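Residues: numbered from 1 along the sequence shown. From a predicted model like this one, the values you see are computed outputs, not experimental measurements.
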Amino acid sequence: MSVPRPVRASSAAVRKSMQSNKGRDTKPELALRRAVHAQGLRYRVSTRPLPAVRRTADMVFTRGKVAVFLDGCFWHGCPEHHTKSATNADYWAEKVRRNRERDAETDALFADAGWLVIRVWEHEAPQQAATKIVHEVTKRRS
């Protein structure tokens, strides 16, 4: 199903909101990075683990070949918190479906190249997610 992309935002408020969405350094991302850093790990930020694949991970642990993606509940269709858009519902539903499809493709591409992909939802507690990440990175490094 291909839903045409809206030509312009449905209102000035929507336009302003969309323009303010950040691609990196969001509050959940910064909280997760601080928690991982506090547990002693160092990482690369917003890097392509596989240069030939146009996918940027939020945190990359090159020695352990671990890529961490912090997924937004709306953008990636969180089963707990995803809400249906009130305007342009078909367009947003298709966009989220494509994002989830691309996420699955990314996971498979990285796994085939020997990488471990860890996906964290934005609503997850940073300390718990950091502990999981530290455990997996430490395990892969040894």
Charged N-O contact under 4.0 Å between [X] and [Y]:
X      : Y      : answer
Arg98  : Glu101 : no
Arg55  : Glu105 : yes
Arg24  : Asp58  : no
Glu136 : Arg140 : no

Indicate yes or no: at least one non-hydrogen side-chain atom of Thr47 is less than 4.5 angstrom from one of Thr56.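 The answer is no, as the side chains (C-beta and beyond) never meet within the 4.5 Å cut-off.
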Shared ILVMFWY cluster between [X] and [Y], side chains joined below 4.5 angstrom?
X      : Y      : value
Leu30  : Ile133 : no
Leu70  : Val134 : yes
Val137 : Val117 : no
Val45  : Leu116 : yes
Val60  : Leu32  : no

Distance-only, no hydrogens or angles: does the Tyr43 side chain make a donor-acceptor pair with backbone N or O of His37 under 3.5 Å?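 No, the answer is negative, given that no donor and acceptor are paired below the 3.5 Å cut-off.
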Whether the side chain of Glu94 engages the backbone of Tyr91 through a donor-acceptor N/O pair (distance < 3.5 Å, no angle test) should be reported.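 Checking the backbone N and O of Tyr91 against the side chain of Glu94, no donor-acceptor pair under 3.5 Å is found.
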Between CZ on residue Phe74 and NZ on residue Lys95, distance to nearest 0.5 Å: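 If we round to the nearest 0.5 Å, Phe74:CZ and Lys95:NZ are 9.5 Å apart.
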Which residue is it: His76, His81, His82? I am looking for the one with a ring pair (Phe, Tyr, Trp, His ring centres under 6.0 Å) to His123.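 Among His76, His81, His82, the one that satisfies the ring pair (Phe, Tyr, Trp, His ring centres under 6.0 Å) with His123 is His81.
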Between Phe110 and Trp115, how do the two ring planes meet: parallel, tilted or perpendicular, split at 30° and 60°?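 Taking Trp115 first and then Phe110, their aromatic rings sit tilted (interplane angle of 30° to 60°).
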Verify the neighbour count for atom CZ of Arg141: are there more than 12 heavy atoms of other residues, nucleotides or ligands below 6.0 Å?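 Yes, the 6.0 Å shell around CZ holds more than 12 heavy atoms from other groups.
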